[in-house]
Amino acid sequence: MDEARAREILAAAGLPVAEARLLALGENAVFAVGDLAVKVGRDAELFERAERELALAAWLADAEVPAVRAAEEKPRLVEGHPLTIWHRLPDAVRPAEPRDLAPLLRRIHALPEPAAFALPRRELLGGVERWLRLAADAIDPADAAFLRERRDAFAPAAAALTPHLSPGPIHGDALPRNVHVGPDGPVLVDLETFSSDLREHDLVVLALSRDRYGLDPAAYEAFTEGYGWDVREWEGCAVLRGARETASCAWVAQHAPTNPKALAEFERRVASLRDGDPEVRWYPF
């Protein structure tokens with residue numbers, strides 16, 4: 001799904017396409033439409049996740065956790081694509097930083113399981129096959145096979161880990177890009193990966209950002225101080241990191257058919273994993 005197709009879906013939903021401004025294009029296309037934000041999912045497989053994301057928004061509102069609020073309680077299915085509508089947040093006062101994420105994670109990690117619905121496990125590697133399938137012939141079949149082998153090795157290893165923290169609700173993709181710093185402070189803006197699993201999943205994300213994506217070590221230290229613990233002290237950290245790296249490679253692959261930069265980044269990441277080099281710089285996509 002490209003921007004043009006996403007705009008066709010907006011039109012089919014009766015939304016004012018001429019006013020729509022693209023904010024992000026990844027697994028969803030996200031548009032600003034007046035006072036609303038509209039998310040269009042890539043395919044019908046994501047409809048159930050869209051339903052859960054809206055239920056999560058209501059749950060977080062009840063718990064008074066700062067997070068994006070839904071404008072419609074249920075998703076729409078428009079020409080085979082899930083569409084959700086949200087209240088648009090005020091303009092950001094500054095870019096989000098790792099230190100803004102720490103108190104939000106502390107609040108999420110203090111929550112009990114929701115009573116009205118069940119959170120899934122964090123299937124970090126669950127999307128690998130679909131992303132590789134979407135990449136089709138744009139990537140080397142040997143690279144796809146390599147990632148499938150890594151997935152099959154890391155999945156049971158991650159399932160066997162003994163956590164340091166008590167398991168429970170997690171964000172699932174805890175990065176500053178999923179935080180919006182508005183006039184009233186930091187707010188979570190992406191809820192679709194919420195899960196119930198090892199809390200360490202949320203903390204490995206920034207540890208990997210420090211090592212792979214060039215996150216300033218001082219910013220990482222501010223995050224760990226704000227949260228109160230550094231996941232790198234945990235013996236299971238390398239396993240969760242390896243699983244996340246595998247998923248991150250496959251995620252980029254889905255964009256390779258239409259974006260040469262995505263293909264180049266995919267090939268860079270796979271090569272570093274083949275070489276066993278944990279310090280090759282990766283670039284956000």
Closest contact, heavy atoms only, [X] versus [Y]:
{"X": "Ala262", "Y": "Ala256", "value": "CB-N, 4.0 Å"}
{"X": "Cys237", "Y": "Val204", "value": "SG-CG2, 4.2 Å"}
{"X": "Leu147", "Y": "Ala250", "value": "CD1-N, 4.0 Å"}
{"X": "Leu60", "Y": "Ala67", "value": "CD1-CB, 3.9 Å"}
{"X": "Pro257", "Y": "Ala135", "value": "CG-O, 3.5 Å"}
{"X": "Ala96", "Y": "Pro176", "value": "CB-O, 3.4 Å"}

Do the side chains of [X] and [Y] join up, straight or via other hydrophobic residues, at under 4.5 Å, putting them in one cluster?
{"X": "Ile139", "Y": "Tyr283", "result": "no"}
{"X": "Leu191", "Y": "Leu46", "result": "no"}
{"X": "Val187", "Y": "Leu111", "result": "no"}
{"X": "Leu89", "Y": "Val93", "result": "no"}
{"X": "Phe146", "Y": "Leu134", "result": "no"}

Rounded at 0.5 Å granularity, tell me how far [atom1] in [X] sits from [atom2] in [Y].
{"X": "Leu56", "Y": "Glu192", "atom1": "CG", "atom2": "CD", "result": "10.5 Å"}
{"X": "Asp190", "Y": "Leu188", "atom1": "CG", "atom2": "CG", "result": "9.0 Å"}
{"X": "Leu206", "Y": "Thr224", "atom1": "CG", "atom2": "OG1", "result": "9.5 Å"}
{"X": "Arg42", "Y": "Arg5", "atom1": "CZ", "atom2": "CZ", "result": "12.5 Å"}
{"X": "Glu73", "Y": "Glu51", "atom1": "CD", "atom2": "CD", "result": "12.5 Å"}
{"X": "Glu267", "Y": "Cys249", "atom1": "CD", "atom2": "SG", "result": "11.5 Å"}

Does a salt bridge link [X] with [Y], judged by any charged N lying under 4.0 Å from a carboxylate O?
{"X": "Arg281", "Y": "Asp211", "result": "no"}
{"X": "Lys261", "Y": "Glu265", "result": "no"}
{"X": "Arg99", "Y": "Glu97", "result": "yes"}
{"X": "Glu64", "Y": "Arg107", "result": "no"}
{"X": "Arg106", "Y": "Asp202", "result": "no"}
{"X": "Asp43", "Y": "Arg130", "result": "yes"}
{"X": "Arg76", "Y": "Glu72", "result": "yes"}
{"X": "Lys39", "Y": "Glu27", "result": "no"}
{"X": "Arg121", "Y": "Asp197", "result": "yes"}

Does the [X] side chain pair with the main chain of [Y], one donor and one acceptor, at a distance under 3.5 Å?
{"X": "Asp277", "Y": "Ser272", "answer": "no"}
{"X": "Arg269", "Y": "Ser248", "answer": "yes"}
{"X": "Arg244", "Y": "Leu124", "answer": "no"}
{"X": "His81", "Y": "Gly41", "answer": "yes"}
{"X": "Arg199", "Y": "Ser166", "answer": "yes"}
{"X": "Asp230", "Y": "Arg232", "answer": "yes"}
{"X": "Arg241", "Y": "Leu208", "answer": "no"}
{"X": "His180", "Y": "Pro90", "answer": "yes"}

Residue list, ring pair (Phe, Tyr, Trp, His ring centres under 6.0 Å) with His109, at least two apart or on another chain:
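His109: ring pair (Phe, Tyr, Trp, His ring centres under 6.0 Å) contacts with Tyr227.
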
Which residues pass the ring pair (Phe, Tyr, Trp, His ring centres under 6.0 Å) test with Phe194, sequence neighbours left out?
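Here the qualifying residues are His171.
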
Do [X] and [Y] come close enough that some side-chain heavy atom pair is under 4.5 Å?
{"X": "Ile170", "Y": "Ser195", "answer": "yes"}
{"X": "Asp100", "Y": "Arg94", "answer": "yes"}
{"X": "Phe223", "Y": "Ser209", "answer": "no"}
{"X": "Pro82", "Y": "Arg49", "answer": "no"}
{"X": "Tyr220", "Y": "Glu225", "answer": "no"}
{"X": "Pro75", "Y": "Leu54", "answer": "yes"}

Any side-chain hydrogen bond (donor to acceptor under 3.5 Å, both in side chains) pairs touching residues 141-163, not counting sequence neighbours?
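Listed once each, the pairs are Glu129-Arg148, Glu129-Arg151, Asp143-Arg274, Arg150-Thr246.
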
side-chain contact (heavy atoms from CB on, under 4.5 Å) partner of Trp234, chosen from Leu203, Leu165, Leu161
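The passing option is Leu161.
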
Heavy atoms from other residues, nucleotides or ligands near [atom1] of [X] exceed 12 (cutoff 6.0 Å):
{"X": "Asp2", "atom1": "CG", "value": "yes"}
{"X": "Glu48", "atom1": "CD", "value": "no"}
{"X": "Asp275", "atom1": "CG", "value": "yes"}

If we count only N and O atoms by modelled type, under 3.5 Å, do the side chains of Glu245 and Trp282 hold a donor and an acceptor together?
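Side-chain D/A pair, Glu245 to Trp282: absent.
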
Could you tell me if Glu53 and Thr84 have a donor-acceptor pair between their side chains, going purely by distance under 3.5 Å?
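Looking only at side-chain atoms, Glu53 and Thr84 do not form any donor-acceptor pair under 3.5 Å.
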
Test Arg122 against Leu198 for side-chain contact (heavy atoms from CB on, under 4.5 Å), laying out the working first.
CA-CA 8 Å; Arg122 177 62 174 115; Leu198 305 187; over 6 Å; no

Who else is in Val17's hydrophobic cluster (ILVMFWY, side-chain heavy atoms under 4.5 Å, direct or via others)?
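Besides Val17, the hydrophobic cluster comprises Met1, Ile9, Leu10, Leu15, Leu22, Leu25, Phe31, Val33, Leu36, Val38, Val40, Val78, Leu83, Ile85, listed by chain and residue number.
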
Who clusters with Phe47? Use side-chain heavy atoms, under 4.5 angstrom, across I, L, V, M, F, W and Y, and order the result by chain and number.
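Its cluster partners, ordered by chain and number, are Leu77.
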
Please determine whether side-chain contact (heavy atoms from CB on, under 4.5 Å) holds for the pair Val270 and Asp140, giving the CA-CA distance in whole Å, both sets of side-chain angles, and the decisive distance to 0.1 Å.
CA-CA 11 Å; Val270 172; Asp140 188 332; over 6 Å; no

Before you tell me yes or no, could you show the steps for Val231 and His164 under side-chain contact (heavy atoms from CB on, under 4.5 Å), namely the whole-Å CA-CA distance, both residues' side-chain angles and the distance that decides it to 0.1 Å?
CA-CA 9 Å; Val231 72; His164 173 76; over 6 Å; no

Which residues share a salt bridge (charged side-chain N to carboxylate O under 4.0 Å, His left out) with Arg7, sequence neighbours left out
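Salt bridge (charged side-chain N to carboxylate O under 4.0 Å, His left out) list for Arg7, sorted by chain: Glu3.
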
Stepwise side-chain contact (heavy atoms from CB on, under 4.5 Å) check, Val189 with Val179
CA-CA 6 Å; Val189 297; Val179 176; over 6 Å; no

